[in-house]
Amino acid sequence: MHIMLSLFLSQENFGFIFLYASIIIVQYRMKIRSIITGTGQFVPPKTVTNFDLEKIMNTSDEWIRQRSGISERHYAEKGIGTSDLAYKAALLAIDDAKIDKSEIDFIIAATLSPDHYFPGIGVLVQAKLGLSNIGALDVRNQCSGFIYALSVADQYIKTQTFKKILIVAAEVQSSNMDYSDEGRDIAVLFGDGGGAVILEANEKNDEKGILSTHLFSDGRYASDLWMEKPSSKDKPTFTKEYFENNRFFPRMNGRNVFINAVQKMPEAVRTALNHNGLTIEDVDHLIPHQANDRISLMVARNLRIPVEKVIRNIDRFGNTTAASIPIALDETIKQGKIKEGDIIVLTSFGSGYTWASVVIRW
Ligand code: UT7
């Protein structure tokens, strides 16, 4: 017995055993996937219809519906910040995941409209939840913010760095809209709201969870959709001139954004499907960022996916930027449309430019 053990643990065999054990460990680790265990959304109660906008600016219900498919959106009241919407969405996601908030070991928050210039909303959500001593990361990737945040969280789960991550995306955009003719293209599109998910490790090896994330950007087109001011380039940052010339409002080259959105989202979806050996026929639900209903329909046509499989709720929410995908995901789940084993593809495009895709097996 002793001789056999000595032989077994001889130097050569020891190397082999070590290698074999490493392979088993690596394989085991590779099987860990992230799964969404809870979702939530919160939009402020105040609804603003196109007819309401007609009263305060030079626009019409007909123009807005024809060009964007939007009928109404939600606006936060004065005193309500992005972190407030994020917090309420987070509570609902935590409840949905049937976990105690103390189990959350990391927060990732995405927004382009933080309560303050700094710090970001991640720490504000953390404080509202009463969770001290855990990390809170802010993601600044605008319409792609949620998918970027999900992608970061996915890596942390797969590497077993964290076990339960709160990902929250929220916007209060109504407080900084230009309702003059110069800003009306943007002002009619955007709305306020928040969406959240809880991401956890699925160690069951049942192939459920996030199958892939793909992220892209092209900063050469940053000024096609941006809020130029305030800028750290100015000394002092806040000058009288930029207040006088309304340079603190978001501005967009709508046509360029539109053309790129209808190309880049399908590209990102195809990349994701190829990566997973899937085809468009395998997709049960496509959730595109709700930028404009015409964009969603053109993405569907480009991908040749039946329009019934494309989730579209922009008519009631407008474009809620980072929050649009988690709001649409939560709504689709709560409507009972998603079945176990369904393939869900998320895709986004927006300011930066940034664009992205995610494939999830539910
Ligand atoms: O979340 C991602 C970021 N955003 C997007 O994905 C949005 C992408 N872009 C778009 O969705 C579209 O470009 C818009 C909906 C913003 C605009 O639609 P469009 O068909 O590209 O219109 P346009 O910008 O070419 O403007 C057509 C006309 C213009 O008047 P003239 O120059 O033809 O006399 C605009 O001044 O419509 C006018 N217009 C409006 N009229 C009434 C622009 N905004 C409005 C408005 N109401 N709100």
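Just follow the structure's listing: the first ligand is 1, and inside any ligand the first atom is 1.
Within a 4.0 Å radius of atom 14 (C) of ligand 1, the protein contributes no non-hydrogen atoms. The presence of a protein heavy atom under 4.0 Å from atom 34 (O) of ligand 1 is ruled out. Shown here, atom 39 (N) of ligand 1 is in close reach of the protein: a heavy atom of it lies under 4.0 Å off. Checking atom 46 (C) of ligand 1 against the protein gives a heavy-atom contact under 4.0 Å. By the definition of a contact as any protein heavy atom under 4.0 Å away, atom 31 (P) of ligand 1 is not in contact.
Contacts with ligand 1 closer than 4.0 Å are made by no heavy atom of T321, backbone or side chain. Contacts between M57 and ligand 1 below 4.0 angstrom, taking non-hydrogen atoms only, are absent altogether.
At a threshold of 4.5 Å between non-hydrogen side-chain atoms, the residues N313 and I327 count as touching. At least one side-chain heavy atom of I344 sits under 4.5 Å from a side-chain heavy atom of I287.
Listed by atom number, the atoms of ligand 1 under 4.0 Å from T59 heavy atoms are 42 (C), 46 (C), 47 (N), 48 (N). Contact atoms of ligand 1 toward N319: 1 (O), 2 (C) (distance under 4.0 Å to a heavy atom of the residue). When each atom of ligand 1 is checked for a heavy atom of L225 under 4.0 Å away, the hits are 3 (C). The atoms of ligand 1 that sit less than 4.0 Å from any heavy atom of A291 are 1 (O), 2 (C), 6 (O). Residue contact check: F349 has heavy atoms under 4.0 Å from atoms 2 (C) of ligand 1. Atom numbering of ligand 1 starts at 1 in the shown order; those under 4.0 Å from a heavy atom of R294 are 20 (O). Shown in contact with N292 at under 4.0 Å from a heavy atom are these atoms of ligand 1, numbered in order with element: 10 (C), 11 (O), 15 (C). If you number the atoms of ligand 1 from 1 as listed, the ones under 4.0 Å from a heavy atom of V188 come out as 48 (N).
Between W63 and ligand 1, a contact under 3.5 Å exists for at least one N or O pair. When only interatomic distances are considered, the shortest N/O to N/O separation between S60 and ligand 1 does not fall below 3.5 Å.
For the pair Q290 (side chain) and P288 (backbone), a donor-acceptor distance under 3.5 Å is present.
By the neighbour-count criterion of 12 heavy atoms within 6.0 Å, atom OH of Y117 is densely surrounded, having more than that number from other residues, nucleotides or ligands. Applying the 6.0 Å contact sphere to CD of E62 captures no more than 12 heavy atoms from other residues, nucleotides or ligands.
Look at K88 and D84 and you find no salt bridge, because none of the NZ, NE, NH1 or NH2 atoms lies under 4.0 Å from a carboxylate O. Using a cut-off of 4.0 Å between Lys/Arg side-chain N and Asp/Glu carboxylate O, E340 and K208 are scored as salt-bridged. Taking a cutoff of 4.0 Å between a charged side-chain nitrogen and a carboxylate oxygen, K55 and D52 qualify as a salt bridge. The residues D234 and K229 are annotated as salt-bridged, a charged nitrogen and a carboxylate oxygen being separated by less than 4.0 angstrom.
Residue contacts with ligand 1: C143 is included, with a non-hydrogen atom under 4.0 Å away.
Shown here are the side-chain hydrogen bond (donor to acceptor under 3.5 Å, both in side chains) partners of S232, two or more places apart in sequence or in another chain: there are none.
S34 and K158 share no donor-acceptor pair across their side chains, judged by distance under 3.5 Å alone.
The nearest protein atom to atom 5 (C) of ligand 1, hydrogens excluded, is given as V257 CG1, 3.6 Å; this is a heavy-atom distance. Atom 25 (O) of ligand 1 has R255 NH2, 2.5 Å as its closest protein atom, hydrogens excluded (heavy atom only). Nearest protein heavy-atom contact of atom 29 (C) of ligand 1 is R184 NH2, 4.8 Å.
Of the listed options S348, G254, S324, G254 places a heavy atom closest to atom 8 (C) of ligand 1. With distances taken over non-hydrogen atoms, the option nearest atom 27 (C) of ligand 1 out of H289, M252, R67 is R67.
Screening L131, L137, I167 for a side chain to side chain contact (heavy atoms under 4.5 Å, CB included) involving F106 leaves a single residue, L137.
Classified by interplanar angle (parallel below 30°, tilted 30° to 60°, perpendicular above 60°), the ring pair Y353/F349 is tilted.
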Side chain to side chain donor-acceptor pair (under 3.5 Å) assessment of R361 paired with N202: CA-CA 12 Å; R361 192 189 309 278; N202 176 13; over 6 Å; no
